[in-house]
Every structure is written in C-alpha cells, then in structure tokens.
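Keep in mind that the numbers below use all heavy atoms, side chains included, and drop hydrogens, waters and symmetry copies.
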Amino acid sequence: MSIRIMKETKMERRSEKGSGSSEIRSAIEGLSETVKVKPVAEEVKVEVHGDHTHDDDAHYIPIKPFLSICNSVLQVLDRIGPTMAVLRQDVYQNIQRLETLHESDPSVFSNLVEIVKKEVNEGTARKGSSCSKAIVWLTRSLDFTVALLQKLARDPGQSVEKAVEESYNTTLKPWHRWISSAAFRQIALKLVPDNETFIGLLMAKDENYETLKEDMQTLILLLVPFLEEIHSVLRFYSLDRIKAT
C-alpha cells in the first residue's frame with residue numbers, strides 16, 4: 001500500500017469525523033428504497049438452470065438502490081482507515097463499472113438479475129471486466145460490513161482489530177489469493193484504529209452509542225435478507241464460488 005494512499009485516507013477520516021452514522025442511515029434508506037421499486041408480478045416466470053429453479057420476478061434487484069447502499073458502505077470502510085484502502089478501491093471500481101452500464105441504457109440495465117442473466121447467456125460473466133464479477137465482489141464487501149457491524153453491535157468492547165480480522169476471515173479471505181490474505185494479516189491489521197476511535201468515527205455529531213447501535217442493528221436486519229437474495233441468484237448461475245484472479 002503506498003504512503004500516498006495512507007496519507008490521503010487519514011486526511012479523509014479526519015475531515016469526515018463524526019459523520020459515520022449518516023452513511024449507515026443512508027444505507028438503511030437505500031435498502032428501504034428497494035422495497036418501493038420492486039414490481040408487483042402479474043405472471044410468475046420460473047426458469048430452470050441445472051438442478052435449480054429460479055423465479056425471475058421474485059428476484060428483482062434494482063440496481064440504483066444497490067449502488068446507493070454500496071456507496072454508503074464505501075464511506076463506512078473509510079472509517080477503518082488504511083487497512084481497507086485496497087478493498088475500498090475495489091468497491092469503488094466495481095460501483096463505477098455498474099454505474100457505467102446502467103447509464104448506457106437505464107431502461108434495460110435496471111435489474112441486477114437481468115444483468116447477470118445476460119452475461120451468463122453470452123458467456124462473459126466470469127471474465128475479469130464483467131459486471132457479474134463486480135456484483136459478486138460488491139456483495140462480498142457488504143457481507144464483510146454486516147459481519148463487522150454484527151460483532152461491534154453484539155460486543156462494543158471487542159477489539160476493532162479482532163472484529164475486522166474475524167469478519168475478513170469469514171467473508172473475504174476464502175476468495176482471496178494467499179498473498180493478499182498474508183498481507184492483510186501481517187500489515188493491514190496493524191493500522192486498524194482502536195475501539196473508542198472507531199466508534200467515535202462512526203457516530204454522528206451529538207449522537208450517543210445507543211443510537212448508533214440501533215442504527216447498526218436496523219441496517220443488519222435489512223441487509224441480511226437482501227444479501228441472501230443476491231447470493232441465491234449468484235448460486236443459481238454458479239457464480240458464488242468465483243475467486244480473485
């Protein structure tokens with residue numbers, strides 16, 4: 001990780017201190033928006049893929065709220081500091097890839113499921129620059145965020161370093177190359193802020209910990225079923241086991 005990235009990240013954290021909970025609330029609003037934009041199915045379309053069935057209408061995942069949630073999580077990752085610089089950059093690039101596709105034709109590329117389905121049918125879903133892979137890695141980044149918030153909400157006294165490491169081990173490590181995993185363990189974890197500092201960065205101005213905890217728990221309750229829906233789509237199209245190249 002370059003010194004420049006580390007310095008820039010530290011500057012961002014100092015300038016944005018005290019606004020963390022606003023990102024958590026933005027993510028909550030984005031998740032609430034997914035319910036509003038889901039269409040009411042007039043006809044159920046069931047597709048068969050291998051040994052699995054898939055209800056197209058039941059899995060309408062609107063791209064705009066999804067990207068809004070990812071952008072909010074991007075800001076939460078900033079609070080962890082230089083440790084998350086590489087992950088943050090990956091999240092940003094994957095968001096940009098999906099935004100570019102959506103903006104090319106919003107009427108066609110408004111549903112994540114249809115984007116995945118299209119690339120699978122074209123045989124491009126597993127290629128390095130595919131939007132399907134962007135969805136896979138953004139979903140895993142959200143998995144990491146949920147795991148971390150669950151640990152902090154459950155045990156506010158737990159070391160942030162330990163919470164970050166355990167969350168990484170269960171959500172991202174299985175899909176990373178061993179070199180990336182080793183670097184994360186030996187270098188990145190040493191840059192994680194202490195518990196009091198991190199909680200302070202997450203809290204909005206004049207907010208207390210109990211309010212922050214309520215926000216985290218609300219986000220967790222909304223994110224878990226949302227992510228399971230995406231994971232079910234990725235499993236159906238056999239994209240859930242993709243590893244880093």
Nearest heavy-atom approach of F109 to I63 is O-CG2, 3.6 Å
Look up atom NZ in K117 and atom CD in E122, then write down how far apart they are to the nearest 0.5 Å.
-> 12.5 Å
When rounded to the nearest 0.5 Å, the distance separating CG of L172 from CG of D90 is 9.5 Å
Does a salt bridge link R235 with E228, judged by any charged N lying under 4.0 Å from a carboxylate O?
-> yes
Measure the shortest side-chain to side-chain distance between D78 and R88 over non-hydrogen atoms and say whether it is less than 4.5 angstrom.
-> yes
Just how far is it from atom CD of E114 to atom CG of N121, taken to the nearest 0.5 Å?
-> 9.5 Å
In terms of hydrophobic clusters joined by side-chain contacts under 4.5 Å, are L221 and L223 together?
-> no
For A153 and K213, the nearest pair of non-hydrogen atoms, with its separation, is O-CE, 3.2 Å
Check for a donor-acceptor pair, side chain of R97 on one end and backbone N or O of S130 on the other, with a separation under 3.5 Å.
-> yes
Does some side-chain heavy atom of N111 sit less than 4.5 Å from a side-chain heavy atom of F66?
-> no
Report yes if the side chains of V116 and L112 come closer than 4.5 Å at any heavy-atom pair, otherwise no.
-> no
Flag the pair I80 / F198 as yes when at least one side-chain heavy-atom distance between them is below 4.5 Å, and no otherwise.
-> yes
Taking all non-hydrogen atoms of both residues, which atom of R140 and which atom of L239 are closest, and how far apart?
-> NH2-O, 4.5 Å
Steps toward side chain to side chain contact (heavy atoms under 4.5 Å, CB included) verdict (H102, L98) | CA-CA 6 Å; H102 172 68; L98 289 173; over 6 Å; no
For N169 against P174, the heavy-atom pair lying closest together = O-CD, 3.4 Å
Decide whether S132 and E119 meet the rule of one side-chain donor and one side-chain acceptor closer than 3.5 Å.
-> yes
Would you indicate whether Y209, at its atom OH, is surrounded by more than 12 heavy atoms from other residues, nucleotides or ligands within a distance under 6.0 Å?
-> yes
Would you confirm whether T211, through its side chain, and E207, through its main-chain N or O, come within 3.5 Å as a donor-acceptor pair?
-> no
So, the side chain of T145 versus the backbone of S141: is there a donor-acceptor pair under 3.5 Å, distance only?
-> yes
State the CG-CG distance between L138 and L142, to the nearest 0.5 angstrom.
-> 7.0 Å
Around atom CD of E196, are there more than 12 heavy atoms of other residues, nucleotides or ligands at under 6.0 Å?
-> no
Flag the pair E29 and R25 as a salt bridge only when some basic side-chain nitrogen lies within less than 4.0 angstrom of an acidic carboxylate oxygen.
-> no
Under the side chain to side chain contact (heavy atoms under 4.5 Å, CB included) criterion, do T170 and F144 qualify, and how do the steps go?
-> CA-CA 8 Å; T170 58; F144 168 82; over 6 Å; no
List the steps, then state whether side chain to side chain contact (heavy atoms under 4.5 Å, CB included) holds for I242 with K133.
-> CA-CA 8 Å; I242 289 177; K133 289 188 73 173; 3.9 Å; yes
Which atoms form the tightest heavy-atom contact between S167 and T171, and what is the distance?
-> O-OG1, 2.6 Å
Specify the closest pair of heavy atoms between P106 and S110, including all atoms of both residues, with the distance to one decimal.
-> O-CB, 3.4 Å
Is the shortest heavy-atom distance from the side chain of I28 to the side chain of I24 under 4.5 Å?
-> yes
Hey, are S68 and N71 close enough side-chain-wise for a donor-acceptor pair under 3.5 Å?
-> no
Hey, does V224 have a side-chain heavy atom less than 4.5 Å from the side chain of Q150?
-> yes
When rounded to the nearest 0.5 angstrom, what distance separates CG in N94 from CD1 in I135?
-> 9.5 Å
Can T197 and D194 be counted as having a side-chain donor-acceptor contact under 3.5 angstrom?
-> yes
Using a 4.5 Å cut-off on heavy atoms from C-beta on, say whether the side chain of Q93 contacts that of Q96.
-> no
Polar side-chain atom of N195 near backbone of Q158 as donor-acceptor pair, under 3.5 Å | yes
More than 12 heavy atoms from other groups under 6.0 Å of NZ on K64 | no
Between atom CG of D215 and atom CD of E210, what is the distance when rounded to the nearest 0.5 Å?
-> 11.5 Å
Do L31 and P65 touch side chain to side chain, with heavy atoms closer than 4.5 Å?
-> no
Could you label the plane-to-plane angle of the W137 and H176 rings as parallel, tilted or perpendicular, counting under 30° as parallel and over 60° as perpendicular?
-> parallel
